[in-house]
Amino acid sequence: MVTVFKTKCCFEFLLSNVSKINTTVYSPPFGTSHDMFWQLEFIPSSAEEPDHCAAFLFAIPNHEEANSSGVWSRRSVLTAKIYLKNAKNQTFLKKQSVKMNSFSAKLSGWGWEAFYNKSSLPEHVLFGVEFDRAEMGLVSQKWPLPSNQQLNDSIPQDLVKAWEGQLNNPATSDCQFNVQGQIIYANSAILCARSKYFELVFRGQWLESDITKQEILQSPSKDQKDSLNHKDIISQRCNHVIDVTDFHHQTFLEMLRFLYTNKVTFVDKKDEQNSQLTPLDLFRIADKYLIDDLRQHAKSEIFKDLNVNDAAEFLFGTAWKYPELKEQAMKYVVLNFVTVRQTSGFKNILADPSSYPAYTDLLNEILAELFPATGSVNTGKPAKEEIA
């Protein structure tokens, strides 16, 4: 067993001949744990306040953070202070706390444009950051597992095309999906291997309408008679016929394509209005059919495109139905509330709260985040000096 100690720590770097520094200086990367790295930035003359130097702390995302669209929660529990010290007598020139709950995919740096007056800087300065805790211990020497993206990139394209060619191919299929008047063919063995939901459906243990061909032949309804007249049903001996009523044909086909190839295509945001291949469409279908990888892909796309103009309507109209979407959307709205509350979307919600079933609960939760019981106030207003 490896013992990990948690202790206070600081990282500081000597800046010599400060008056002669005329370009931005970056520290070497440093870490507060085996997978949490940082970097300091010193700008001798701020773009906004030329008579001051600027100082920033950047978070270098690890693999988990790089694939997350929300606040990086492990960093938010730390306390950090950026400082400047006189290198000669070790006295602090300035020390200021960093807003640690702001680090995310949308905001990887935090600091101040006007951190310290240039004319008051000594020639030799220690530039550093102090953390309230860091993990110290031996890191297990193991090669990291490849990411999904690395696995996808390693799959030869001709193999992907070959698998894609098997989708909706009656000759290699044993099940038929009736989706909004259109028929899609697939292989149940592939679907069972990729989705627990389909495995249970084909075993007859869940609610989806799975009707075997023999059952249709014994007592067909009018619609089923029409299906039986379809030449492909008769010729290809489909063992399962499933009616899908809650998703669009395009969405369902793209979900099956992911199960066959591990690839997914999302429409551009500008084209979402006339498409059923939006990240939200694919998140919903992945959520129903228990396809975790697709759900995570879709979730990342959703929050990558989220902005202050549509954040409130997304939270009140859709995200509240899905806990993992609600959590991140709530954090985004609270963090940017000063701007969000001025948007037309938020004003529309206030004007017609009855159209939003979770209106009261969500609004109370936002207020609780903005005005916690401790008496402190989090306005969600970003500092003037923060950088993305």
>> Between E41 and T24, is the side chain to side chain contact (heavy atoms under 4.5 Å, CB included) condition met? List the steps.
In response: CA-CA 7 Å; E41 179 188 48; T24 300; 3.5 Å; yes

>> Would F258 and L282 count as a side chain to side chain contact (heavy atoms under 4.5 Å, CB included) here? Give the steps.
In response: CA-CA 10 Å; F258 180 82; L282 290 163; over 6 Å; no

> Is the shortest side-chain N to carboxylate O distance from K85 to E12 below 4.0 Å?
Replying inline: yes

> Are side-chain N/O atoms of R257 and T265 paired as donor and acceptor at under 3.5 Å?
Replying inline: yes

> Hey, which of W38, W72, F58, F37 is the one that makes ring-ring contact (aromatic ring centres under 6.0 Å, His included) with F103?
Replying inline: W38

> Just wondering, do F247 and V179 contact through their side chains at under 4.5 Å, heavy atoms?
Replying inline: no

>> Pair Q39, Y26 - check side-chain hydrogen bond (donor to acceptor under 3.5 Å, both in side chains), show working.
In response: CA-CA 7 Å; Q39 191 170 32; Y26 294 94; over 6 Å; no

> What is the distance from atom CG of N178 to atom CG of D243, rounded to the nearest 0.5 Å?
Replying inline: 5.0 Å

> Is a side-chain donor-acceptor pair under 3.5 Å present for D352 with S354?
Replying inline: yes

>> Run the ring pair (Phe, Tyr, Trp, His ring centres under 6.0 Å) test on Y116 and F127 for me, step by step, so that the C-alpha distance in whole Å, both residues' side-chain angles and the decisive distance to 0.1 Å come before the verdict.
In response: CA-CA 12 Å; Y116 198 77; F127 178 37; over 10 Å; no

> Salt bridge or not for K20 and E123, using N-O below 4.0 Å?
Replying inline: no

> Is it true that atom NZ of K81 has more than 12 heavy atoms of other residues, nucleotides or ligands lying nearer than 6.0 Å?
Replying inline: no

> Which residue, F198, F283, F177, forms the ring-ring contact (aromatic ring centres under 6.0 Å, His included) with Y289?
Replying inline: F198

> Looking at D293, D292, I291, which one forms a side-chain contact (heavy atoms from CB on, under 4.5 Å) with R295?
Replying inline: D292

>> Could you walk me through whether L256 and L191 satisfy the side chain to side chain contact (heavy atoms under 4.5 Å, CB included) test, starting with their C-alpha distance in whole Å, then the side-chain angles of each, then the deciding distance to 0.1 Å, before giving a yes or no?
In response: CA-CA 8 Å; L256 292 180; L191 304 189; 3.8 Å; yes

> Distance only, no hydrogens: is a donor on one side chain within 3.5 Å (strictly under) of an acceptor on the other, for E113 and S46?
Replying inline: yes

>> Could you walk me through whether Q166 and T172 satisfy the side-chain hydrogen bond (donor to acceptor under 3.5 Å, both in side chains) test, starting with their C-alpha distance in whole Å, then the side-chain angles of each, then the deciding distance to 0.1 Å, before giving a yes or no?
In response: CA-CA 7 Å; Q166 300 305 303; T172 58; 3.2 Å; yes

> Is it true that E49 and K118 have a side-chain N and a carboxylate O under 4.0 angstrom from each other?
Replying inline: no

>> Surrounding NZ of K94 (heavy atoms of other residues, nucleotides or ligands, distance under 6.0 Å), is the total greater than 12?
In response: yes

> ring-ring contact (aromatic ring centres under 6.0 Å, His included) with F346: which of F314, Y356, Y359, F337?
Replying inline: F337

> Between S188 and D174, is a side-chain hydrogen bond (donor to acceptor under 3.5 Å, both in side chains) present by the stated rule, with each step listed?
Replying inline: CA-CA 6 Å; S188 62; D174 65 347; 2.7 Å; yes

> Parallel under 30°, tilted from 30 to 60°, perpendicular over 60°: which one fits the rings of W112 and F115?
Replying inline: tilted

>> Does E365 form a salt bridge (charged side-chain N to carboxylate O under 4.0 Å, His left out) with K326? I'd like the steps, not just the answer.
In response: CA-CA 11 Å; E365 192 170 336; K326 178 199 166 188; 3.0 Å; yes

>> Any salt bridge linking R284 with D246? Criterion: basic side-chain nitrogen under 4.0 Å from a carboxylate oxygen.
In response: no

> In terms of the angle between their ring planes, are Y83 and F92 parallel, tilted or perpendicular, with boundaries placed at 30° and 60°?
Replying inline: perpendicular

>> Is there a salt bridge (charged side-chain N to carboxylate O under 4.0 Å, His left out) between K95 and E130? Walk through the geometry before answering.
In response: CA-CA 9 Å; K95 182 188 286 189; E130 178 182 281; 3.5 Å; yes

>> Testing the 3.5 Å rule here: is there a donor-acceptor pair between the side chains of T278 and D281?
In response: yes

